[in-house]
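Remember, it's 1-based here, ligands and their atoms both numbered in the order they're listed. All values reported here derive from a predicted model rather than from experimental measurement.
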Amino acid sequence: MSVPIIRTVADLRRVVTGWRQENLTVGVVPTMGALHEGHLSLVRAALEKTDRVIVTLFVNPKQFNNAADLAAYPRTEHEDAAKLAPLGAHILYAPDGGEIYPESFATTVSVSGVSKGLCGAHRAGHFDGVATIVTKLFLQTGADFAFFGEKDFQQLHVVRRLVRDLDLPIDVIACPTVREDDGLAMSSRNVRLSAAERQAAPKLAEVLFAAAKQLSVGDRVEKVLAEASKAIRAAGYSSVEYLELRAEDDLSPLNVADRPARLLAAAWLGETRLIDNVEVVHNV
Ligand code: PAF
């Protein structure tokens with residue numbers, strides 16, 4: 001069994017129109033490939049909720065602020081298709097570059113507010129690139145539901161906001177972060193870690209979970225974050241790009257954990273930038 005691969009918008013629309021004539025619901029799982037169990041969990045969630053599932057695969061140059069990072073991004077379409085087939089995904093949409101950014105493409109979707117700060121402060125243009133490609137993929141697929149992982153928590157907020165602001169007829173479904181047995185959040189970037197870095201990597205999640213527990217019982221935010229940042233660096237991370245407490249519902253910065261919140265971090269392990277976030281339950 002293999003998953004059919006579609007390369008053009010015209011072919012995609014033909015298939016989706018056929019599904020619509022049969023009154024079938026459509027789900028989309030946007031990816032940049034290098035699929036891991038985190039992506040597959042989104043595909044399973046989509047298959048449970050919708051009749052037909054499109055997985056998209058496009059390494060989007062507009063969301064990379066660093067040419068080396070774009071060049072190093074793993075490209076494994078053949079393996080990705082092999083992983084999708086047994087799940088029963090209906091289509092892998094892996095468009096040619098020109099189907100997404102035709103010559104003289106001149107439009108950018110830019111979401112203010114939730115795009116600022118956190119990753120937005122360190123990756124110039126990243127969320128404009130994400131918002132633009134996601135809008136295109138929603139319009140090209142015409143899906144009813146889109147599935148995103150909570151691992152990219154700020155991205156999830158950006159996508160929700162653009163769907164709301166532009167009245168896009170699609171529901172965004174958030175799915176929990178999938179972790180390795182040792183707690184490391186699954187990411188396509190994990191394959192870049194050396195053996196020693198891979199051993200140190202789970203400390204980020206461990207520290208975040210411990211800090212979230214302290215915050216949920218009312219420990220002082222400033223103190224908890226300072227100690228957590230120190231512990232991440234002590235584990236071998238060369239720098240902590242950000243470590244912040246933000247409101248769960250609108251990502252506004254919090255100095256006290258007095259409402260449902262997320263603790264979000266980005267940190268560098270050698271040449272690899274890892275991000276993670278955990279829920280902070282409001283108990284006090
Ligand atoms: O999360 C990702 O892999 C990408 O940002 C996305 C949503 C597929 C857009 O390119």
* Asked: Can you list the atoms of ligand 1 that are under 4.0 Å from a heavy atom of Pro30?
  -> 8 (C)
* Is a salt bridge present between Arg259 and Asp249, judged by a nitrogen-to-oxygen distance below 4.0 Å? -> yes
* Same cluster for Ile170 and Tyr93 if Ile/Leu/Val/Met/Phe/Trp/Tyr side chains link at under 4.5 Å? -> yes
* Do Arg20 and Asp144 sit within salt-bridge range, that is, some charged N less than 4.0 Å from a carboxylate O? -> yes
* Asked: Should you measure from each heavy atom of Thr31, which atoms of ligand 1 turn up under 4.0 Å away?
  -> 8 (C)
* Could you tell me which atoms of ligand 1, counted from 1 in the order shown, lie closer than 4.0 angstrom to a heavy atom of Ile133? => 9 (C), 10 (O)
* To do: Check ligand 1 against Gln155 and write out every atom of the ligand that is under 4.0 Å from a heavy-atom position of the residue.
  => 1 (O), 2 (C), 4 (C), 5 (O), 7 (C)
* Heavy-atom check, side chain of Leu184 versus side chain of Asp276, under 4.5 Å -> no
* Asked: With a 4.5 Å heavy-atom cut-off, do Tyr242 and Ile275 have their side chains touching?
  -> yes
* Asked: Does some side-chain heavy atom of Arg7 sit less than 4.5 Å from a side-chain heavy atom of Asp11?
  -> no
* Structure fact -> At under 4.0 Å between heavy atoms, what of Val159 touches ligand 1? The answer is neither
* **Closest approach of any protein heavy atom to atom 10 (O) of ligand 1, naming residue and atom** => Gln63 OE1, 2.6 Å
* Which atoms of ligand 1 are found less than 4.0 Å from any heavy atom of Phe148? -> 7 (C)
